[in-house]
Visitor: 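First, the structure itself, so that you have it in front of you.
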Amino acid sequence: MAQIIDGKKWSGISREETKGVVDSLHKQGVRPGLVVILIGEHPASMSYVRGKDKAATAAGLYSEMIHLPSSTTESALLQLIDRLNGDDRFHGILVQLPLPSHMNEKAIIHAIAPHKDVDGFHPVNVGALDLGLSGFVPCTPLGVMKLLTYESIEVAGKHAVVIGRSNIVGKPMVQLLLRHNATVTICHSKTQDLPNITRQADLLIAAIGKPNVITGNMIKPGATVIDVGINRVNGKLCGDVDFASASQVAQYITPVPGGVGPMTIAMLLQNTVDAAMKLAH
Ligand code: GUN
């Protein structure tokens, strides 16, 4: 039976660390601020955004949530972002995705000032990650790396297989693993004979977005399995990994819920505090 990586526990520890930094910033007269913009009534997004707001406030950040109707025009949102770019109360700006279909996601992301882009989605930050320069790293892959570090799981020299090539998770995950000297294979929906590749993974990262598709027979005995999926089946949350069979084969495994998810929020707080520190120094 695999050892379960407790994301809730580690995110609590990470958030405490962040709170310590926030306390010291308060003493210097700096209060890190985060603004989260949500457009429309997407139920999962509404719950994520509430979670982000609550966690930010609990860590001592100034947090504001702006909820706009789905009828909001792209130009109104661009104007709002422009105003927030110049608002010193906010060190981080996050626009919750997905956006309503009448909005151009690229244009919206591009409008956020790179030094306030705590999601790490702006091309300047994406380029910085690719080049190994400092910048904001997307919260979910950053959270995965933090979990591996907390659990002292070796990455250097290991074969990491990432399933999924999204801009939010898969691609930045690959860059971070390379930065930590893993040998990386990227799989996606067009990959042929996926099980043959996943069975070679010392570290398997599933970011597919389909429930329970990674089963125990696709996993190398002793591997570390990180499940980034958040799927809803009959109202119940589950990951991309079939936990029951995978946990019989893996050495370490993250559960859903309570694995990577809580770390994403913890990393958002860390990125926001980093943004405030850069300005304070
Ligand atoms: N939607 C799902 N995940 C994310 C995320 O990490 N950031 C934003 N802005 N939207 C998301």
Side-chain angles (χ1 to χ4, degrees), residues 7 11 14 34-56 61 63-68 70 72 74 77-78 80-81 84-85 90-101 103-114 116-126 129 135-147 162 164-176 205-210 226-232 237 239-240 254 256-257 259-272 274-275:
S11 75
S14 170
L34 172 69
V35 58
V36 177
I37 305 167
L38 172 66
I39 299 110
E41 311 289 324
H42 194 277
S45 289
M46 283 167 69
S47 128
Y48 296 153
V49 164
R50 252 182 252 121
K52 289 169 185 178
D53 186 41
K54 248 176 78 178
L61 276 73
S63 175
E64 222 171 87
M65 202 181 114
I66 301 178
H67 192 178
L68 302 170
S70 54
T72 305
E74 187 179 303
L77 179 57
L78 289 170
L80 172 64
I81 291 170
L84 295 170
N85 282 339
F90 301 116
H91 304 89
I93 302 172
L94 182 146
V95 179
Q96 185 67 24
L97 305 177
L99 290 168
S101 55
M103 285 194 191
N104 178 350
E105 190 177 292
K106 282 200 183 90
I108 301 298
I109 289 172
H110 215 126
I112 299 170
K116 294 194 176 190
D117 168 40
V118 285
D119 256 331
F121 294 166
H122 189 285
V124 164
N125 286 313
V126 176
L129 179 59
F136 291 112
V137 176
C139 303
T140 300
L142 194 57
V144 170
M145 292 312 305
K146 190 102 175 183
L147 280 180
V162 178
R165 52 176 157 175
S166 71
N167 292 331
I168 296 185
V169 182
K171 284 195 261 186
M173 189 76 249
V174 166
Q175 291 296 345
L176 281 179
I205 298 178
I208 307 160
K210 286 200 187 118
I226 305 287
D227 190 351
V228 183
I230 301 178
N231 309 290
R232 234 166 264 263
L237 281 188
D240 295 345
T254 62
V256 177
V260 175
M263 289 306 290
T264 298
I265 294 190
M267 294 303 97
L268 172 65
L269 304 182
Q270 185 183 294
N271 278 351
T272 306
D274 283 351

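Note that the coordinates shown come from a computational prediction; the quantities given were computed from them, not determined experimentally. Counting convention: from 1, in listed order, for ligands and their atoms alike.
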Visitor: Do you know which two heavy atoms are closest between Pro262 and Gly7, and how far apart they sit?
Guide: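 Nearest heavy atoms, Pro262 then Gly7: CB-O, 3.9 Å.
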Visitor: So, the side chain of Asn125 versus the backbone of Phe136: is there a donor-acceptor pair under 3.5 Å, distance only?
Guide: yes
Visitor: Which residue and non-hydrogen atom of the protein lie closest to atom 4 (C) of ligand 1, and at what distance in Å?
Guide: Gln96 NE2, 4.2 Å
Visitor: Which atoms of ligand 1 sit under 4.0 Å from any heavy atom of Leu94?
Guide: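 That gives atoms 9 (N) of ligand 1.
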Visitor: Of all the atoms in ligand 1, which lie at a distance below 4.0 Å from a heavy atom belonging to Val95?
Guide: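 Matching atoms, with element in brackets: 8 (C), 9 (N).
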Visitor: Nearest protein heavy atom to atom 1 (N) of ligand 1, by residue and atom, and its distance?
Guide: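 Atom 1 (N) of ligand 1 sits closest to the protein heavy atom Leu97 O, 2.9 Å.
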Visitor: May I ask you to identify the nearest protein heavy atom to atom 7 (N) of ligand 1, giving residue, atom name and distance to one decimal place in Å?
Guide: Asp119 OD1, 3.0 Å
Visitor: Ala275 and Val118: which non-hydrogen atoms are nearest, and at how many Å?
Guide: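 Minimum heavy-atom separation between Ala275 and Val118: CB-CG1, 4.4 Å.
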Visitor: Do you see a donor-acceptor pair shorter than 3.5 Å between the side chains of Thr254 and Asp227?
Guide: no
Visitor: Walk me through it: do Asp119 and Leu97 pass the test side-chain contact (heavy atoms from CB on, under 4.5 Å)?
Guide: CA-CA 11 Å; Asp119 256 331; Leu97 305 177; 5.9 Å; no
Visitor: Tell me which part of Tyr48 gets within contact of ligand 1: side chain, backbone, both or neither, using heavy atoms under 4.0 Å.
Guide: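 It is neither part, as no heavy atom is under 4.0 Å.
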